[in-house]
Colleague: 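Sharing a structure here in structure tokens format.
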Amino acid sequence: MTQSTVTPLLSVRDLTKKYGPRIGCADVDFDLYAGEVMGIVGESGSGKSTLLNCLAGHLPPDSGEVLFDTREAGLRDTVQMSEPERRMLSRTDWAFVHQHARDGLRMGVSAGGNVGERLMAVGARHYGDIRGAAVDWLGRVEIAEDRIDDRPTAFSGGMQQRLQIARNLVTGPRLVFMDEPTGGLDVSVQARLLDLVRGLVREMGLSAIIVTHDLAVVRLLADRLMVMKDGHVVESGLTDQVLDDPQHGYTQLLVSSVLQV
Amino acid sequence: MIEVDAAAKSFTLHNQGGTVIPVMQDASLRVAPGECVALTGASGAGKSTLMRMIYGNYLTQSGRIIVGQTNVAQAAPREVLAMRRDVLGYVSQFLRVVPRVATRDVVAEPLRAVGVSRDEAFQQAEELLARLNVPRPLWDLSPTTFSGGEQQRVNIARGFVYTYPALLLDEPTASLDATNRETVLSLIEEAKTRGCAIVGIFHDEAARSRVCDREVDVSVFTPVAA
């Protein structure tokens, strides 16, 4: 098994984003393969959310390439794509799970409508099919069927987050971007969400990029880890290798600062 | 099957004045299929370090560590992941699992990862849990709240449920009663019979002399303090 025989799902080259003279993220390079989950950790302001937003097409990078293995044409630079093409990608093969569920949900629309809307955006028109898919997905994220007509405003934070995941995954994406998906949730709810995400990754063969500052979350969810500081990737590797044998001073500090429970 | 050749490792502590601590030097070891090699040496000699280097959660600075077709010392993360999925199992002393996941799923996971169907994986997981005397009512519960001995047996079940061609065992019989110890030793013997190459740490001398073909004293790989 050599590097060259398999095309990466996502290939990022020299990605840089500056805010005026300040560095958002700089010279980021990595390949992500199908079925892999990559964690990005670093403290607030380290550039991890900037990077995620550049990868997902929410922010235009200043330079660099974000190559995605499209179904139609193989590797294509999503930075150079037209806006409609990129939007289509973000509705089909990509998904983005926001830290705050309300940023990723339509709060005035029912739970079923939130899930169905994404299907309609890719052309589904049959009401029965859409409703059936919505029920199926609400079940998979453990939301009872009788809540399908309730609005997300009537849901708890954990339920909103699970609904957001259902809305994102209903179209069968291949790559999911997650920004602090468990941030702000109770630990018991976090555990449930971690279990859910891990199960979905396994069943659907998803690839995911998860930004978090929680090292326990990446240890359980991510195969690989990138550590960011001041906009630069200071270390990357297998998750347990980076956490058990950190090479960079900053990572050593990060790992040794975690409270043991 | 497992081939360690002149492997070396040191730790650099950047937050303590960049102190460099050499921990392994010129480590060499060969384990053939069906063979079990015990790592020996005093506490701190580097037994666990060498195991982690073989598993790839410790980086190796120089030398080669070949497991199956993979040179762990230089492999890309996804090659190490593939090796851990298909070739090399690891029974550590600690059980790390996603909270809330049932014991049955935890044990079945290595089989699910290589594409075994859910029913088949569950059946094999249950057989092994029963053999290791993990009480049936616990199978639906997360092992996070289990006793030390129960967690240890869940860990062992997870390591033996799939027929890995190579295994790393870190104190597999520690904290087990006589009956379960016997079961674990039989599992190790069966694995050897089917051609599994094993590297183990056994403080239990009787267990070591029963299942191990050779001993390697890792203290000879400990760098002499400069």
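Naming: A, B, ... by sequence-line order, numbering from 1 per chain. The basis for the numbers below is simple: all heavy atoms, side chains too, and nothing from hydrogens, waters or symmetry mates. Treat the numbers as computed from the prediction; the structure is a model and nothing was measured.
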Colleague: Establish, yes or no, whether the cationic atom of B:R84 lies under 6.0 Å from the six-membered ring centre of B:Y55 and within 45° of the ring axis.
Modeller: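 Yes; both conditions hold, so B:R84 lies above the ring face of B:Y55.
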
Colleague: Would you mind checking which part of B:A113 comes under 4.5 Å of any heavy atom in chain A, side chain (CB onward), backbone (N, CA, C, O), both or neither?
Modeller: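 Both parts, backbone and side chain.
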
Colleague: Please rank B:E109, B:R112, B:K9, B:R52 by heavy-atom pairs under 4.5 Å with chain A and give me the top one.
Modeller: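 Most heavy-atom pairs under 4.5 Å with chain A: B:E109.
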
Colleague: Other residues, nucleotides and ligands only: do more than 12 of their heavy atoms fall within 6.0 Å of CZ on B:R30?
Modeller: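 No, because the 6.0 Å sphere around CZ of B:R30 holds 12 heavy atoms or fewer from other groups.
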
Colleague: Look at the aromatic rings of A:H98 and A:F96 and report parallel, tilted or perpendicular, splitting at 30° and 60°.
Modeller: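 Aromatic pair A:H98/A:F96 classed tilted.
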
Colleague: Heavy-atom pairs under 4.5 Å with chain B - which of A:R198, A:H248, A:R219 has more of them than the others?
Modeller: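 Looking at each option in turn, the highest pair count goes to A:R219.
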
Colleague: At a 4.5 Å cut-off on heavy atoms, which part of A:E36 comes close to chain B: side chain, backbone, both, or neither?
Modeller: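 Just the side chain, heavy atoms under 4.5 Å.
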
Colleague: Assess the residue pair B:Q123 and B:E120 against the criterion (side-chain hydrogen bond (donor to acceptor under 3.5 Å, both in side chains)); give the C-alpha distance rounded to whole Å, side-chain angles, the decisive distance to 0.1 Å, and a yes or no.
Modeller: CA-CA 5 Å; B:Q123 193 194 327; B:E120 172 72 30; 5.9 Å; no

Colleague: Between B:R118 and chain A, with a heavy-atom cut-off of 4.5 Å, which part of the residue counts as in contact: side chain, backbone, both or neither?
Modeller: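 When you check distances to chain A, no heavy atom of B:R118 falls under 4.5 Å.
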
Colleague: If you count heavy-atom pairs within less than 4.5 Å of chain A, which of B:A75, B:G18, B:P77 leads?
Modeller: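 Sorted descending by pairs with chain A, the first entry is B:P77.
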
Colleague: Between B:Q69 and chain A, which part of the residue has a heavy atom less than 4.5 Å away: side chain, backbone, both or neither?
Modeller: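 Looking at B:Q69, nothing touches chain A.
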
Colleague: So B:F202 and B:I188, do their side chains get closer than 4.5 Å, heavy atoms only?
Modeller: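 Side chain of B:I188 against side chain of B:F202, heavy atoms only: contact under 4.5 Å found.
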
Colleague: Check whether any side-chain heavy atom of A:D93 lies under 4.5 Å from a side-chain heavy atom of A:L175, and answer yes or no.
Modeller: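 The answer is no; the side chains never approach within 4.5 Å.
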
